[in-house]
Structures are given as C-alpha cells and as structure tokens.
Amino acid sequence: MIEISEDKPANFIQHIINEDLEANINGGRVHTRFPPEPNGYLHIGHAKSICLNFGLAKTYGGLCNLRFDDTNPSKEDVEYVESIKRDVRWLGYDWDDRLYYASDYFEKMYEFAVQLIKDGKAYVCDLSPGEIREYRGTLTEPGKESPYRNRSVEENLDLFQRMRDGEFEDGSRVLRAKIDMASPNLNMRDPVLYRIQRGTHHRTGDKWCIYPMYDFAHPISDALEGITHSICTLEFEDHRPLYNWVVENVKIDGDSKPKQIEFARLNLSHTVMSKRKLRQLVEEGYVDGWDDPRMPTISGLRRRGYTPEAIRDFCDRIGVAKSNSMVDIAFLEHCVREDLNKRALRVMAVLNPLKVIIDNYPEDQVEELDAENNPEQPEMGSRKVPFSREIYIERDDFREDPPKKFFRLAPGREVRLKHAYVIKCERVVKDEETGEVIELHCTYDPETKSGSPTASKRKVKGTLHWVSAPHALKAEVRLYDHLFTKENPEEEGEDFKDNLNPDSLEVLTECLVEPSLQDAKPGSRYQFLRKGYFTVDPDTSPEGLVFNRIVSLKDTWAKIQKAQKK
RNA sequence: UGGGGCAUAGCCAAGCGGUAAGGCACACGGCUUUGGACCGUGCAUUCGUAGGUUCGAAUCCUACUGCCCCAGCCA
C-alpha cells in the first residue's frame, strides 16, 4: 500500500493497485507499459498516458516498458517510431532496455493461435468482410454463426498454415475466435484474430502476410512482458472481456495475469486531439508541420517552448478518472507560466517599437545599467543593459489621449523606464499626412536612476520596458494564439476547420531586443518583461534571431480594457 | 430498442455512512521599479432528478433523466 503524498490524493487506478498489492496479486509487482501505434506523432493526450504509466511504475517502485503496437503495416512507419522515442525521452522518461515491439512476438502469437485452433477455440472463416458484418448481427439482434465455424481442427490447422504461406488473397479468409455469436457484447461475437494483409512491415518486412488484430496481440504482448496493469482509454472498456478471454485461453508461460484498466482520455479546449484531424491540418497546410508551435503535439509544444516539467506538472494536476472531460487550455498555460516564472531569465524586448528621444540626456553618453536576471531568483545574477539618448518603447505604452486607468506614457505624463530613469513626455511628433505618431520627445530626471538613493523621489504608476536604439538587435517574433476560436472545435454537425483561428499566428519582423540576446541559443527561454515567455526558434540564424511566444504574461490592463469596452 | 461506462461549482477533481479537499478560472484587497510574480479574502447549505433506508446519505437501495462508447479483416 502506497500513499503518494499527503496533499495528493490517490486516483482510482492507484486504489486498484493498492488493493492488488494487498492481495499479493502478481507477487506484489507493478509493471506498466506505454503502447503507442507508430502511425502518427505523439500529442499532449499521449503525454497524459505516458506520465500515468511511467509515473505509476515510479511511485510503486516498478517498471514501465515502451512498446510499439505495430500490428498494421499499412499505417505504420519508422519515422513515427523515431519521433515517439524522442518525445518520450524529452518528456523525461526512460525505458532502459525495455523497448519492445508487438511485431517481436509475431512468431509466438502464431503459435498461440495454432494452440487455440487445437483447443477448438478458433477457426478459419471464409466469409467476406461484408458477410462477416451481416453475420455479426446488430446492437439489438444477436448474430448468426458462420457456416465455417465447425470445421475440423485438422482443416483449420491446414488452412491457417496456408494463410501464413500466402496461398490466399488479402481479405479472403480470417482466423476467428469461437466465443459467442449471441453475446450482447459485439466484441465477443467470434472476433477476428488474424487477417491476411500483404504490405511491407517496417520491421518484419515481407516475412508475414497475416497480421494479428489488436485484441489478440495486445493481451499476449502484455502477458509476455509480465505487465501487471494494462492501462488504456475508455473506448476499450467493451474489449475487456475479450482481453480476459485471450489471457485465459492462451497458455503463456509465466505467472503474470495482466489486468486492463480504462481511464478517460484527455480533451483540451481550443484544439483537436485526434490523429486523423491533426494529420489533416498538417497535410492540408493549415499548419506548418507536426511541430508547428500551434499544434498540441509533443513536438509542437517543444518547439513552442513548453518545458517537459510544465507538461508533466499539468498531467499530474488534471487527475485521472473515468468521466469524459474537457480541460481548459488555460490550465496548461498556467502550468508553463508557473514553471517559467521560476527559471526564465528576464530581458527587455520591444515588439512594436516607438522611438523616444530624451532631449536632456547627453548626446554621446551611454550608461551600462544593472538589470536583475530574475527578481524571483537573486542567485541568477544580473547583467548590464546599455542606455542612451535614443530608445524605443512599446507603441502600446503610449496613448495621446489616455483612457481611464491608463498608467503608461501620455503627453505631460511620467513613467519609469525599468532599470533606468523616470522620464516625462514633453512633445509628440506626428506624420503630417497620416497623423501617425512617429516619435516622442521626453526629458529624464537624473536623480531617479534605478538603485540610487534618490531613485524613488518621484512616485510613478507605470514602469515600461525599452531598448537603447543604437544597441538594440533586430528580431522576428512569432506570436501564437489558440489554434481554434471555439472551446470545442469538433462540436457536432460542423467542420472543425471552420473554427480555425485566423489569428493563431502573427509574425512581427521589426522587433528590437536588448543586446544581451546576441548569442541566445535555440531552445533557450526568456521572459520578455511585461510581455510573456519566449523561446529562441530553430529558424534563428546568423542573419537574425527568431523568437516564439510560448505564452503571454497575465495582462490585467487587457482585462480592464475589455471591461471598459462593454 | 442490446451491451458497457459516466454524472460533485464556469473547467478539472477529492470524497468510500459522521455533516462538501485542492487546483484553474473569476472577483475584491495588499504589496510591487514587470498592470507579472507574491500574499490575503470571497466563490457548492449541497453532490443529475425523485423517492426510500438510517439518529445521520454525495456516499446504501429503487426508479427516472442526461451524456459518452460499441455493429473495422483500425488501434
């Protein structure tokens, strides 16, 4: 019995494991597995399963295997197995030497099938796919037995061997379990165990032309690996009797009796999670690839700048239960903010620059000002930031006609420049034709220098970030927003693509960042003061820095503005 | 209409017969050289509905309602 911790109550799976341990089932072992099919990229929903399976193994001192469920060569590819391994590792999990493939067990599975035939529990069926469907019956009516159901063991053995030998065409015959055509559970109406399907498998090549179905391969793989708790999602609940039937009827060496437990998969608001839909977004060009920073894929989140720690924390905090639910994406965002707040270096970057000339600041003077790297973590030290007569501030931080509660710069108003001085806006220069504000002329008060004893002689309500004009570095900044405008884009009766957010990506090419970012490395993360958390995109080159916005900072002013509009 | 599940706040989610944890969101206040962070306060007289059992019910019983999944030779 394990109590995880005082402040984190056990979930229902842990309760089950606790009971099993108490009853000494499987000799007190806990052994789980993460069993992806290599037919797509992993997404945040898989992360929930990965954290659950590897996490359970860790808290109970057990093991978790990585196993590729590769029983359908027509859909699977090595590209996916490589990406999956990379993603699991990146999330922080290690399968040691326990990397398995269902295809490793094909020979054994074949033997188990032969044994089932010998026991009179499986038969070769010649019905066409359409006929099998007809014979299966419906939700409310029982099925009919196949005319091939009572073939002799010898005939079945011969036919199954010849299926393997490639004597029959794809789809012409299958091996079926002999269970109960009248079962109210459709999965038990003589389910297909093997089908003939020619196609080159990414691992076994052309060795096989028959492949086991999930329902046959999965329990066998679990039993072979000594899995104790086989955790899957809710839609497999109806398959559990069949899972148990296979475990009971296939005589596998070893004492492991795996138990299937189902939990609710993760749904996240403002995005889609099905492989089919994600693939569609990629293939039809709605996004830039599987690792587009707007995608809920692990590779997308990684490129977006999410940390594995934040994702693990998220998975840990959403809980595990059996009710279908939709987690607000704001919660995921909260988790990264919380993580990055502790560790991200603070720097200044101006996304939409507006020039400010400080008229009373000496023409050629440059000061190297002290700037803390992270007020939360003083041990992260400080850096120097150049200050000069011409600087840039955020265009949004100036309003010629400031609304109520606007604490920033406006004609005649004073604000503090972070790490520097208090300045006052004296004059606004506008383009004569368009009326657009081109530059601001300000004065500064030398006594208000940050850190000096007289720094706070003036009380100002606003503090702005800025960059020194002659020192700033140009950068491209990509602002990402939710991929979909609707909380649930897959709502019934509509095309999910109609709910795509047209503003999910905004590219700013005229941004200016402080010079300390000169050698920023791809993958490193920063807080752009007052703006949000950003990461250096791999598109960064000697020609220019490229940043992705991971998530914005919480913005009280935006909230006030929204309220004022109403 | 068969079978399998699930219903606790706007969103997650504890609770397992002794009188509704926690987080997110939201609101208000404090602090602040980030309108960030942080700190404090508020936020379910009630657990899908209706009955019943009990001194006592979100927890047990009965009936009902709503939602999800299942008729691939996909996983």
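Within every chain, numbering begins at 1; the chains are lettered A, B, ... in the order of the sequence lines, protein sequences first and strands thereafter.
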Over all strands shown, is [X] touching base, sugar-phosphate only, or nothing at heavy-atom distances under 4.0 angstrom?
X: A:H218; value: nothing
X: A:F331; value: sugar-phosphate
X: A:V320; value: sugar-phosphate
X: A:L139; value: base
X: A:L127; value: base
X: A:Y211; value: nothing
X: A:V174; value: base

In terms of side-chain geometry, is the basic nitrogen of [X] or [Y] positioned less than 4.0 Å from the acidic oxygen of its partner?
X: A:E368; Y: A:K384; value: no
X: A:R343; Y: A:E376; value: no
X: A:R317; Y: A:D313; value: yes
X: A:R383; Y: A:E372; value: no
X: A:D70; Y: A:R203; value: no

Contact list (N/O, under 3.5 angstrom) for nucleotides 4-8 of chain B vs protein:
{"from": "B:G4", "atom 1": "O2'", "to": "A:D238", "atom 2": "OD1", "distance (Å)": "3.4"}
{"from": "B:G5", "atom 1": "O2'", "to": "A:E237", "atom 2": "OE1", "distance (Å)": "3.3"}

- Item | Note, A:R416 side chain near A:S450 side chain (heavy atom, < 4.5 Å) |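 Side chain of A:R416 against side chain of A:S450, heavy atoms only: contact under 4.5 Å found.
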- Would you write the dot-bracket representation of RNA chain B, where each base gets (, ), [, ], | or . depending on whether it forms a Watson-Crick or G-U pair under 3.5 Å and with which partner? .(((((((.[[[..)..(...]]].(((((.......))))).....[[[[[..)....]]]]])))))).....
- Query: Going by a 90° cut-off around 0, is B:G4 syn or anti?
  - Reply: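 Anti, since the glycosidic angle lies more than 90° from 0.
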- Message: Can you check the distance between B:A13 and B:C47, where both ends of the measurement are the C1' atom (answer in whole Å)?
- Response: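 So the two C1' atoms sit 13 Å from each other.
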Could you write out each protein N or O paired with an N or O of nucleotides 32-36 of chain B at a distance under 3.5 Å?
{"from": "B:U33", "atom 1": "O2'", "to": "A:K418", "atom 2": "NZ", "distance (Å)": "2.9"}
{"from": "B:U33", "atom 1": "O2", "to": "A:H419", "atom 2": "N", "distance (Å)": "3.3"}
{"from": "B:U33", "atom 1": "N3", "to": "A:R416", "atom 2": "NH1", "distance (Å)": "3.3"}
{"from": "B:U33", "atom 1": "N3", "to": "A:S450", "atom 2": "OG", "distance (Å)": "2.2"}
{"from": "B:U33", "atom 1": "O4", "to": "A:R416", "atom 2": "NH1", "distance (Å)": "3.1"}
{"from": "B:U33", "atom 1": "O4", "to": "A:S450", "atom 2": "N", "distance (Å)": "3.1"}
{"from": "B:U33", "atom 1": "O4", "to": "A:S450", "atom 2": "OG", "distance (Å)": "2.3"}
{"from": "B:U33", "atom 1": "O4", "to": "A:G451", "atom 2": "N", "distance (Å)": "3.3"}
{"from": "B:U34", "atom 1": "O2", "to": "A:Q527", "atom 2": "OE1", "distance (Å)": "3.0"}
{"from": "B:U34", "atom 1": "O2", "to": "A:R530", "atom 2": "N", "distance (Å)": "2.9"}
{"from": "B:U34", "atom 1": "N3", "to": "A:Q527", "atom 2": "OE1", "distance (Å)": "2.5"}
{"from": "B:U34", "atom 1": "O4", "to": "A:R346", "atom 2": "NH1", "distance (Å)": "2.4"}
{"from": "B:G35", "atom 1": "OP1", "to": "A:R530", "atom 2": "NH1", "distance (Å)": "2.8"}
{"from": "B:G35", "atom 1": "O3'", "to": "A:T556", "atom 2": "OG1", "distance (Å)": "3.3"}
{"from": "B:G35", "atom 1": "O2'", "to": "A:T556", "atom 2": "N", "distance (Å)": "3.2"}
{"from": "B:G35", "atom 1": "N7", "to": "A:R408", "atom 2": "NH1", "distance (Å)": "2.6"}
{"from": "B:G35", "atom 1": "O6", "to": "A:F407", "atom 2": "N", "distance (Å)": "2.8"}
{"from": "B:G35", "atom 1": "N1", "to": "A:K405", "atom 2": "O", "distance (Å)": "2.6"}
{"from": "B:G35", "atom 1": "N2", "to": "A:K405", "atom 2": "O", "distance (Å)": "3.3"}
{"from": "B:G36", "atom 1": "OP1", "to": "A:T556", "atom 2": "OG1", "distance (Å)": "2.7"}
{"from": "B:G36", "atom 1": "N2", "to": "A:R346", "atom 2": "NH1", "distance (Å)": "3.2"}
{"from": "B:G36", "atom 1": "N2", "to": "A:E376", "atom 2": "OE1", "distance (Å)": "2.9"}

